[in-house]
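See below for the structure under consideration.
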Amino acid sequence: MPANFKINGRSVENLDIDPMTPLLWVIRDELNLKGTKYSCGKSLCGACSVHVDGELVRSCSFPVNLAEGSEVTTIEGLSPDEAALHPVQQAWIEENVLQCGYCQPGFMMAAAKLLERIPNPTDQEIKDSITNICRCGTQPRIIKAIKRAAQLNLSQETTPKTNIR
Amino acid sequence: MSNTENTKKKGFSRRKFFKRTGIVLGGTAVLLYFGRHRIRRSIAGMAASMDSPSGVTDFSPKIWFDINADNKIIVRSSKEEIGQGTFTGIAMLVAEELEIPITDVDVVPGGLAGPPDMAGTGGSMSLGALYIPLRETAATMREMIKNAAAAKLNIDVNTVKLNKGFIGSGSKTIALSELAQNWNDWKIPKEVKIKKRSEFKIIGQPLPRIDLIPKVMGKTPFCIDKSMPEMLCGAILRSPYLEGKLLSVDASEAEKMKGVVKVVQEKDWVGVVAEKRYQAEMALKKLKVEWDQGKMWQQEELEALHEEGKVVGVTVQKDGKADAVIEDNKTNALNATYEVQYLAHGQMEPIGTIAHFQEDKIHIIASTQAVDHVANALKSEFGISKKKMTIETSFVGGGFGGRHYVFHLPIDALYLSKAVGKPVHLLRTREEEFQAAYVRPYGRNFMGAAINPETKRIEALRNVQVSGDMNLKNLPVPGLMTLLGADFLGTGHGVHIEYEIPNRFGRIENVETPVNTSIWRGVGCVPNGFARESFMDEIARKISIDPFDLRLEHLTNGDDIMQKRMSRALLSLRQESAWDSPKEDGVGRGMAIFVDRKTIAAMVAEIKIVDGLYKVTKVTQVINPAIAINPESIRKQAEGCIMMGISSSLTEEVTIKDSQIQQSNYHNYKMAYVADTPEIKIVIQEDEAAERPYGVGEPPIAPVAPSIGNAIFDLTGKRLRRLPFAKV
């Protein structure tokens with residue numbers, strides 16, 4: 001059954017793919033968007049996190065047929081370009097968060113979702129909510145960056161938000 | 001444009017200046033010459049204290065630099081960017097001497113065509129060892145550019161300035177890329193000066209990473225993201241048993257699956273090549289494989305092999321008669337055995353290789369920490385000279401030692417490619433990452449001390465480490481273990497006791513086991529740091545002296561510089577951690593200090609018991625790498641070591657049952673989450689008179705486990721001598 005959905009605002013039509021193929025491999029190998037990463041393959045680490053219809057999804061364990069007719073956002077779609085960064089990406093730069101960087105797109109997708117749910121989270125709320133894994137040890141800076149992104153968001157409240165789901 | 005062949009033909013007037021002897025792992029040739037016996041001890045001693053070499057054997061500007069069309073100066077790095085920030089450090093060293101902003105420099109992975117590097121990326125040695133030679137190379141490049149511009153524009157060389165990719169004086173300027181068209185004719189200056197520390201404008205600044213924006217945008221290509229035309233996907237199955245052998249494969253079901261191109265059987269493994277990744281993985285699961293399981297090893301049996309005095313070892317330190325003094329002072333002696341577990345690297349990007357095998361040439365894209373080692377392995381496997389190999393490297397999604405010795409993956413990928421006649425991307429699944437892993441060896445440290453309760457001085461201290469090997473079995477040089485007696489450079493690194501004690505004995509013994517073991521962040525400093533610094537705490541408790549005071553009283557007298565540095569680190573840590581202030585109820589506090597190739601790292605940990613688990617709540621660490629190239633990068637490395645140290649001290653463990661590694665993914669190999677982050681304070685110290693910096697990627701991990709263990713004792717009165725620390 002061919003797959004049809006939207007990714008980062010672009011339509012994917014009649015894609016010939018095994019419907020059980022994990023969304024991750026469709027994003028990476030069929031649509032050539034390489035920012036979403038494979039790491040555990042079992043929904044344990046969050047490196048493959050994307051948004052599907054506004055929900056945070058670990059795409060390594062999400063068959064592409066569940067995304068039928070949906071709107072998918074990946075790290076490439078989180079902000080339109082480098083000149084108009086999502087507050088999370090901006091905060092990630094300001095806090096100089098990343099080391100190897102491999103798991104970071106997944107963290108940023110999770111952080112963006114957290115801030116929609118809790119606009120100004122405490123350290124404990126961040127610790128309770130973000131369950132992605134990083135081996136380089138960027139966790140201390142991730143906490144700082146999420147709090148900074150919250151501040152950036154709050155200071156931008158007056159200006160209209162870009163449509164990021 | 002930068003062409004080594006041309007360089008060779010034309011000859012380099014100052015070639016000797018740039019060619020350096022690559023002393024790697026103490027220089028195998030030297031060891032072959034000196035042989036065994038007592039010389040091993042002096043070599044081990046030298047190795048522990050020597051300045052680490054870069055492993056790079058060619059510093060010619062033409063092999064290090066490239067100038068691209070947009071006038072950026074490109075550095076082709078021999079060291080990989082595995083997350084540690086080396087590319088940012090390299091950009092800083094180069095920009096400093098080129099006298100240009102760091103934004104006008106880019107650093108790319110050099111691959112096999114880049115500068116030859118016998119050491120690979122490890123040992124926390126990259127920036128410290130490149131600190132002087134790479135700046136000399138950059139200063140030479142600067143003078144070459146200036147001279148070429150002065151000649152081209154017919155201006156005084158002293159007025160020439162490089163500015164945003166244009167070079168010249170006043171209105172007379174030329175684009176770098178245009179000037180570089182004649183780059184093969186550029187003359188190498190006879191003498192160049194590098195800057196003094198006091199003249200630095202970039203080095204020493206807390207700069208953000210140069211790879212920050214592309215990585216935040218998800219655009220940085222890792223090996224897993226690369227491709228070759230007509231590339232297929234490969235997956236392989238190796239024996240899940242320690243000594244297993246492949247007997248037979250029934251591939252009939254797998255071969256019928258959609259997208260499967262071929263099932264490939266080799267001596268040790270079976271693999272599938274398919275059009276898509278998902279197809280390859282699904283087909284692999286449909287193979288019916290029969291294994292000769294070999295001997296059934298159990299964890300307890302493997303651990304029991306680690307007894308003292310059963311194998312040849314190397315005594316790395318012998319002052320006085322430590323064992324006799326401990327034996328004679330039974331009432332004032334302490335003896336204890338410490339244990340560390342098998343550990344996985346757990347880096348987030350699984351190891352993979354893209355390979356294209358053609359009739360008489362090889363093209364691979366590898367995710368490795370040691371490209372020259374890979375080339376050597378391919379040369380001996382396929383009999384193809386390095387000239388006929390193209391090995392590209394890319395940004396690497398974490399290393400921690402896990403990629404240093406994994407040579408079989410490029411080999412396997414090439415066999416898959418050979419079988420189908422097309423490029424193949426071989427990628428390990430996370431399950432293979434754990435189950436076919438080269439793990440940090442299990443080991444024991446047999447500690448002993450004799451103490452004078454009156455003077456509160458330690459009269460004798462011994463540390464005998466019995467462990468699996470980290471390096472020697474993995475290096476592509478046969479017979480190293482027989483020759484050297486033990487891996488004192490990796491596993492035994494840190495056995496050496498710096499404290500001023502009249503009778504000291506340090507020894508490393510490597511046990512042969514069927515487990516594939518290798519280096520892991522901090523190498524021997526993790527087990528030895530844990531054992532020695534926990535044992536120092538035991539001594540302090542026994543004679544009722546403050547742990548800081550015990551160490552301050554036993555700083556080495558033989559080395560004034562080291563004594564001053566250690567004393568300064570301890571005093572600063574004591575103050576910054578508020579060690580002498582009262583603790584809250586339910587908090588335990590512990591400290592430790594360790595020296596890893598001259599970098600000092602000292603730490604105080606505070607712990608609590610939360611929901612029946614030990615929780616590290618606060619960490620203060622002082623690190624002294626002598627010179628801070630980028631304080632921001634040092635902080636990040638210290639944070640990384642603290643998180644990895646907490647994780648490996650509290651929860652991580654690889655165990656073996658029925659000859660199989662039991663852990664298969666992150667659900668049963670527990671690594672730190674964001675929730676495990678303590679409050680962290682890091683203090684960086686430098687030494688004014690230092691001539692070069694020491695490493696920062698690994699040294700901060702050594703004091704983590706012992707400071708946590710000492711804090712647990714402080715809170716509970718229980719001395720935990722095995723990692724990971726058991727549940728409360």
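Predicted model, so just to flag it, every value in this text is computed and none were measured. No hydrogens, no waters, no symmetry mates; every other heavy atom, side chains included, goes into these values.
- Interface residue B:Glu632: backbone and side-chain heavy atoms are both found under 4.5 Å from chain A.
- A side-chain donor-acceptor contact under 3.5 Å links A:Arg28 to the backbone of B:Ile224.
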Stepwise, does the side-chain contact (heavy atoms from CB on, under 4.5 Å) test hold for A:Asn132 with B:Val674?
CA-CA 8 Å; A:Asn132 296 35; B:Val674 174; over 6 Å; no
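- Heavy atoms closer than 4.5 Å to chain B are found nowhere in A:Leu24, neither backbone nor side chain.
- Proximity to chain A is limited to the backbone of B:Ile82, based on heavy atoms less than 4.5 angstrom apart.
- At a 4.5 Å heavy-atom cutoff, the contact between A:Trp92 and chain B is made by backbone and side-chain atoms alike.
- Of the listed residues (A:Glu94, A:Gln124, A:Lys37), the greatest number of heavy-atom pairs within a distance under 4.5 Å of chain B belongs to A:Lys37.
- Of all the heavy atoms in A:Asn96 and B:Pro208, the pair that sits closest is ND2-CA, 3.6 Å.
- The candidate from A:Ile93, A:Asp128, A:Ile130, A:Asp81 with the greatest count of non-hydrogen atom pairs under 4.5 Å with chain B is A:Ile93.
- No part of B:Ser633 comes within reach of chain A, as not one of its non-hydrogen atoms sits under 4.5 angstrom from that chain.
- Among A:Glu76, A:Met20, A:Gln104, the residue with the largest count of heavy-atom pairs under 4.5 Å with chain B is A:Met20.
- Of the possible donor and acceptor atoms, one in the side chain of A:Tyr38 sits under 3.5 Å from a partner among the backbone N and O of B:Arg430.
- Side-chain contact between A:Cys45 and B:Met671: absent, with no pair of heavy atoms (C-beta onward) separated by less than 4.5 Å.
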Given the rule in the salt bridge (Lys or Arg N to Asp or Glu O under 4.0 Å) test, do B:Glu349 and A:Lys34 qualify, once you have shown the distances and angles that lead to the verdict?
CA-CA 13 Å; B:Glu349 183 195 15; A:Lys34 302 291 193 185; over 6 Å; no
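- When each of B:Lys636, B:Arg277, B:Lys215 is scored by its heavy-atom pairs under 4.5 Å with chain A, the top score falls to B:Lys636.
- With a 4.5 angstrom heavy-atom cutoff, B:Tyr666 touches chain A via backbone and side-chain atoms both.
- Neither the backbone nor the side chain of B:Ile646 comes within contact range of chain A, judged by heavy atoms closer than 4.5 Å.
- Contact annotation for B:Phe87: neither backbone nor side-chain heavy atoms come within less than 4.5 Å of a heavy atom of chain A.
- In this structure, the side chains of B:Met348 and A:Ile133 come closer than 4.5 Å at one or more pairs of heavy atoms.
- Most heavy-atom pairs under 4.5 Å with chain A: of the set B:Gln84, B:Met217, B:Arg428, B:Arg521, this distinction falls to B:Met217.
- For A:Ile143, the part lying under 4.5 angstrom from a heavy atom of chain B is the side chain only.
- Using a 4.5 Å heavy-atom cutoff, the side chains of B:Phe400 and A:Cys136 are in contact.
- Of all the listed residues (A:Pro140, A:Cys100, A:Gly35), the one sharing the greatest number of non-hydrogen pairs under 4.5 Å with chain B is A:Cys100.
- Looking at B:Arg209, its side chain does come within 3.5 Å of a backbone N or O of A:Gln99 through a donor-acceptor pair.
- Around atom CD of B:Glu679, no more than 12 heavy atoms belonging to other residues, nucleotides or ligands sit under 6.0 Å away.
- Proximity of A:Asp18 to B:Lys258: side-chain heavy atoms (C-beta onward) are nowhere separated by under 4.5 Å.
- More than 12 non-hydrogen atoms from other residues, nucleotides or ligands lie less than 6.0 angstrom from NZ of A:Lys127.
- Here SG of A:Cys134 is found 12.0 Å from CD of B:Gln347. Values are rounded to the nearest 0.5 Å.
- For the options B:Pro678, B:Gly346, B:Gly259, B:Cys233, heavy-atom pairs under 4.5 Å to chain A are most numerous at B:Gly346.
- For the atom pair A:Ile75 CD1 and B:Lys219 NZ, the distance stands at 10.5 Å (nearest 0.5 Å).
- Only the backbone of B:Thr220 comes within contact range of chain A, judged by heavy atoms closer than 4.5 Å.
- Proximity to chain A (any heavy atom under 4.5 Å) is shown, for B:Val216, by both the backbone and the side chain.
- Here CZ of A:Arg141 is found 13.0 Å from CE of B:Met643. Values are rounded to the nearest 0.5 Å.
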From CA spacing to verdict: side-chain contact (heavy atoms from CB on, under 4.5 Å), B:His667, A:Cys40:
CA-CA 10 Å; B:His667 66 290; A:Cys40 75; over 6 Å; no
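- Of the atoms belonging to B:Glu652, it is side-chain heavy atoms, and not backbone ones, that fall under 4.5 Å from chain A.
- A:Val88 does not touch chain B: none of its heavy atoms, backbone or side chain, sits under 4.5 Å away.
- Among the candidates B:Glu433, B:Glu81, B:Lys276, the residue making the largest number of heavy-atom pairs closer than 4.5 Å to chain A is B:Lys276.
- Remark: B:Ile642 CD1 to A:Gln139 CD distance equals 11.5 Å, nearest 0.5 Å.
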